[in-house]
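What follows is one structure encoded as structure tokens, with my remarks underneath.
Basis for what follows: all heavy atoms, side chains included, without hydrogens, waters or symmetry-related copies. The residues of the chain are indexed from 1 along the displayed sequence.
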Amino acid sequence: MSSKYAFTKTLKEVRFLFCQGETSAATRSFLTRAYPTMKKNNPHTPILLREATGTIPKIYARYEFGQEKSQSLEGLSDKQIEDAVSTLVKNESV
């Protein structure tokens, strides 16, 4: 699992947005499980967790030169969220 969260060197920041409601339950579950591993493997990359009422779960990845990509995590399972995060943090073609 550790190499799964080895971020690309062009990745400058990862942000997770979610709420306390049921729509974000899988996102919270994923973060509870995966955050320690992500941070351990990428100690110098900021991983921001933003929780706000009524927020649709979403991930943002900011790369060099201010380029950003995002993906909605709404309705995804824990495994699907893991796949989406892995794709964004390893994306070299930004």
Side-chain angles (χ1 to χ4, degrees):
M1 184 163 128
S2 61
S3 66
K4 192 179 294 186
Y5 300 119
F7 297 171
T8 179
K9 294 203 182 298
T10 60
L11 185 69
K12 300 301 177 192
E13 175 185 279
V14 178
R15 285 188 317 265
F16 289 91
L17 278 63
F18 55 96
C19 69
Q20 295 175 344
E22 277 302 307
T23 58
S24 295
T27 302
R28 285 193 313 277
S29 171
F30 167 77
L31 289 171
T32 300
R33 178 179 56 79
Y35 178 84
T37 304
M38 284 191 287
K39 198 58 188 173
K40 179 181 176 190
N41 290 325
N42 308 282
H44 302 295
T45 304
I47 302 172
L48 309 173
L49 309 178
R50 302 291 185 237
E51 188 174 37
T53 304
T55 302
I56 295 172
K58 197 168 195 174
I59 181 175
Y60 289 88
R62 186 174 56 83
Y63 304 90
E64 289 180 327
F65 310 113
Q67 294 180 327
E68 262 191 15
K69 287 192 174 185
S70 66
Q71 182 170 346
S72 175
L73 303 175
E74 186 175 24
L76 299 181
S77 69
D78 189 282
K79 174 67 175 138
Q80 291 169 318
I81 291 172
E82 183 173 312
D83 293 341
V85 170
S86 294
T87 301
L88 276 178
V89 300
K90 291 184 176 190
N91 191 352
E92 293 281 351
S93 62
V94 178

- line: Between the CG atom in Asn41 and the CZ atom in Phe7, the distance rounded to the nearest 0.5 Å is 8.5 Å
statement: Rounded to the nearest 0.5 angstrom, the CD1-OG distance for Ile81 and Ser24 is 8.5 Å
Reported CG-to-OG1 distance for the pair Leu49 and Thr27, which is rounded to 0.5 angstrom: 11.0 Å
- request: In sequence, state the C-alpha distance, the side-chain angles, and the governing distance for Val85 and Met38, and then conclude on side-chain contact (heavy atoms from CB on, under 4.5 Å).
  value: CA-CA 10 Å; Val85 170; Met38 284 191 287; 4.2 Å; yes
- prompt: To the nearest 0.5 Å, how far apart are CZ in Arg28 and CG in Leu73?
  reply: 12.5 Å
task: Could you list the residues that satisfy side chain to side chain contact (heavy atoms under 4.5 Å, CB included) with Arg15, not counting sequence neighbours?
output: Glu13, Leu17, Leu48, Tyr60, Glu68
task: Return the set of residues passing side chain to side chain contact (heavy atoms under 4.5 Å, CB included) with Ser29 (not counting sequence neighbours), or none when no residue passes.
output: Asp78
- request: Find out if a path of hydrophobic residues (ILVMFWY) with successive side-chain heavy-atom gaps under 4.5 Å connects Tyr35 to Phe30.
  value: yes
statement: Of all heavy-atom pairs linking Cys19 and Ala52, the shortest is CB-O, 3.1 Å
task: Find the distance between CD (Gln67) and CZ (Arg62) and round it off to the nearest 0.5 Å.
output: 11.5 Å
Evaluation steps, side-chain contact (heavy atoms from CB on, under 4.5 Å), between Val14 and Ile59: CA-CA 7 Å; Val14 178; Ile59 181 175; 3.9 Å; yes
statement: Scanning both residues in full, the closest heavy-atom pair of Pro46 with Lys12 reads CD-O, 3.2 Å
- prompt: What closest approach, in Å, do Phe18 and Thr55 show between heavy atoms, and which atom pair accounts for it?
  reply: O-CB, 3.9 Å
task: Say whether, by atom type as modelled, one donor and one acceptor occur between the side chain of Ser77 and the main chain of Gln80 under 3.5 angstrom.
output: yes
message: Clusters formed by hydrophobic residues whose side-chain heavy atoms approach within less than 4.5 Å: which one holds Phe65, and what are its other members?
response: none
- request: Write down the atom of Pro36, the atom of Leu31, and the distance for their closest heavy-atom approach.
  value: CD-O, 4.1 Å
query: What's the spacing between Lys39 NZ and His44 NE2 if we round to 0.5 Å?
result: 9.0 Å
message: Which heavy atom of Ala26 sits nearest to which heavy atom of Leu76, and what is that distance?
response: CB-O, 3.3 Å
